[in-house]
J.: 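One structure is given below, represented as structure tokens, and several questions about it will come after.
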Amino acid sequence: GLVKTLQPGAQSGKLSISINCLPLISVSSRPLPDVAIIYPQDPVLRMGSNLTASCWVHPDLGVHASSLFWTLNGQQLPSSFYRVLSPTNLSVTLAGLNASRQTSGDNLVCHNHKGHILAGSCLYVGMPPQKPVNLTCWSRNTKDLTCSWAPGGKGETNISTQYRLKYKLRWYGTEKQCEDYTHTQPYSCSITQDLHLFTPYEIWVEASNQLGRATSDVITLDILDVVTTDPPSGVTVSRVGQLEDQLSVRWEAPPALKDFLFQAKYQIRYRLEDSQDWKVMDDVGNQTSCRLAGLRPGTVYFVQVRCNPVGIYGSRKAGIWSEWSHPTAASTPHSERLMSCDSKSSGDSNSTLRRELKQFFGWVRKHAYGCSSMSMKLYDQWRVLMQKSHKARNQVGKHR
Amino acid sequence: MLLAVAMATAVDPSHDLASERSSIESTYELTKYLEYQLKEIKDVYLTYLGPPFNEKDFSPPRPNSTALTLPSAATRLELWHGLENQARLAQNQKAYSVLLAAVRELASSTLCPSLKTSLLHFCTGLDGLLGSISALMTTLGYTLPPQSANMRTNAGELKVEGFWILRELQSWLWRSAKDFNRLKRRLRG
């Protein structure tokens with residue numbers, strides 16, 4: 001390895017600088033004076049503000065301030081921003097600072113003419129927090145109280161901002177703080193101990209960072225008003241005999257219901273396999289089975305069920321809907337009738353019927369003799385004819 | 001009395017060494033696993049530090065505080081080859097005891113919660129490695145070297161230290177695997 005000695009004239013000891021291409025060189029074993037320092041060290045600044053920083057180099061280094069340069073997050077700053085304050089001091093002025101690129105701080109570095117790092121400083125640029133918003137809370141089976149919120153402003157998330165969920169029982173004074181902040185969901189906290197029913201809670205969020213603080217509006221709630229439960233379990237979807245337009249859905253009430261509920265109400269939603277549009281069945285009531293009708297034959301449907309705890313301990317209020325159960329799929333039986341290979345392009349069943357009728361009437365006009373010969377038998381014969389010719393057409397298509 | 005003790009230890013040396021060898025083998029496996037884990041954490045950590053730390057070929061000067069207390073993994077080949085078992089283990093033990101304390105400090109000063117959790121999780125693995133090495137040394141009758149503390153500095157220097165701690169840790173894990181391989185072979189003979 002190399003240890004550079006200084007220019008002639010250096011008095012006290014050697015100052016060593018390690019060189020970028022050989023990282024594992026040992027540096028002098030005696031404690032050394034700082035080679036260079038940036039002022040200010042690790043400042044916290046508001047977005048849009050200006051900053052003038054200076055890099056002071058030790059005179060023994062034998063380096064002139066005009067030979068230095070600055071980088072910010074690895075990008076060299078234009079020399080028009082620099083000012084030589086003295087032979088050992090170079091400043092840089094940054095105007096209208098953007099919010100920090102990473103929460104660990106923006107890296108402002110002072111380099112010598114060869115590009116070696118002499119000193120660094122971390123800039124923390126952000127905004128003071130604004131009132132946290134969208135504070136909502138829910139209780140899972142009356143066993144806990146979980147709240148979530150959102151930051152009120154931009155820029156507060158660029159620097160380290162703490163959010164503290166606080167609460168108190170309205171009629172019993174002492175303010176407490178939520179401890180269990182889940183890292184999986186940011187801006188969320190769970191209160192798991194000492195929950196009181198039948199009494200109102202006051203809940204709010206305090207946000208603070210090095211630039212300021214803010215408090216959300218206070219919400220008041222009774223735990224029994226915000227109860228939710230687990231989704232129904234054991235959801236099964238099955239065919240109804242040979243019926244090609246129906247499916248039967250069955251499920252079990254979530255087990256926690258029997259602890260505190262008289263009733264639950266359910267909602268079902270279903271969609272076609274390759275569609276994003278859900279159809280919701282609202283009036284399922286408190287049964288644990290339901291039949292879906294008006295479905296398309298030979299089609300796969302995805303079905304989900306969710307539950308709302310109603311009438312908790314006799315109250316008339318509804319609770320909060322649970323998550324949807326895992327999707328379950330089933331298919332309706334294929335139709336006995338004509339199976340079109342173009343099933344995707346046949347849109348709504350009504351227009352298919354109309355088209356078919358149109359074709360039938362056209363054929364009748366040509367081949368039947370008056371309306372007296374019109375009958376279901378004729379219609380069926382025509383259908384068989386259509387199926388044969390359709391099959392033939394498709395065979396041709398396959399061998400093209 | 002001494003003779004009796006000497007005889008007792010001489011009676012079944014092969015059995016003791018077999019269990020030692022298997023413990024070295026599992027320590028070896030642990031270093032390989034930690035080496036793999038470290039690669040992933042290092043990338044996330046360097047991204048968290050921001051450019052230029054996560055740029056290819058970036059290399060800041062090695063900070064004084066780390067240089068003072070952390071032995072470098074880099075060593076001349078003939079020196080490494082000739083290391084006695086005790087010295088070999090002692091160097092590893094010293095390195096990981098300093099590195100573990102350093103990574104713990106790194107974790108505590110990390111502002112990103114998920115990264116902090118990952119680093120602390122990694123520390124439990126590192127702690128396990130240190131424990132394995134110390135236990136091995138005790139079983140083989142070697143004394144453990146004393147601990148030493150690290151100094152804290154400002155945010156900019158903290159970033160450079162963090163960079164170097166992870167770099168040295170990477171070198172050490174890579175070297176330790178070879179150390180344990182060598183130890184296993186030497187204990188067989």
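Letters A, B, ... are given to chains in the order of the sequence lines, protein chains preceding strands, and every chain is numbered from 1.
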J.: In sequence, state the C-alpha distance, the side-chain angles, and the governing distance for B:Gln170 and B:Lys42, and then conclude on side chain to side chain contact (heavy atoms under 4.5 Å, CB included).
T.: CA-CA 9 Å; B:Gln170 206 166 32; B:Lys42 190 169 171 234; 3.0 Å; yes
J.: Which bit of A:Asp42 comes within less than 4.5 Å of chain B, counting heavy atoms only: side chain, backbone, both or neither?
T.: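 The answer is the side chain of A:Asp42.
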J.: Does the A:Cys147 SG fall under 2.5 Å from that of A:Cys137?
T.: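 The sulfur gammas are closer than 2.5 Å, so yes.
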J.: Might you confirm whether atom CD of A:Gln76 has over 12 heavy atoms from other residues, nucleotides or ligands at distances under 6.0 Å?
T.: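 Yes - once you tally the heavy atoms of other residues, nucleotides and ligands closer than 6.0 Å, there are more than 12.
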J.: Quick check for you: among B:Thr47, B:Leu49, B:Val160, which has the greatest number of heavy-atom pairs under 4.5 Å with chain A?
T.: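 Top option by heavy-atom pairs under 4.5 Å: B:Leu49.
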J.: Should the pair B:Arg88 and B:Trp80 be classed as cation-pi, given the thresholds of under 6.0 Å to the six-membered ring centre and 45° from the axis?
T.: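 Judged by the rule (NZ or CZ under 6.0 Å from the ring centre, within 45° of its axis), B:Arg88 counts as positioned above B:Trp80.
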J.: What residue in B:Pro51, B:Ala73, B:Gly156 has the most heavy-atom pairs under 4.5 Å with chain A?
T.: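 Going by pairs under 4.5 Å, I would pick B:Pro51.
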J.: Is it the backbone or the side chain of A:Ser160 that comes under 4.5 Å from a heavy atom of chain B, or both, or neither?
T.: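 Side chain only.
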J.: Once you measure the plane-to-plane angle for B:Phe58 and B:Phe53, does it fall in the parallel (<30°), tilted (30-60°) or perpendicular (>60°) bin?
T.: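 The rings of B:Phe58 and B:Phe53 stand perpendicular, inter-plane angle above 60°.
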J.: Looking at A:Gly105, A:Ser121, A:Ser100, A:Ala119, which has the largest count of heavy-atom pairs under 4.5 Å with chain B?
T.: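 Answer, by heavy-atom pair count under 4.5 Å with chain B: A:Gly105.
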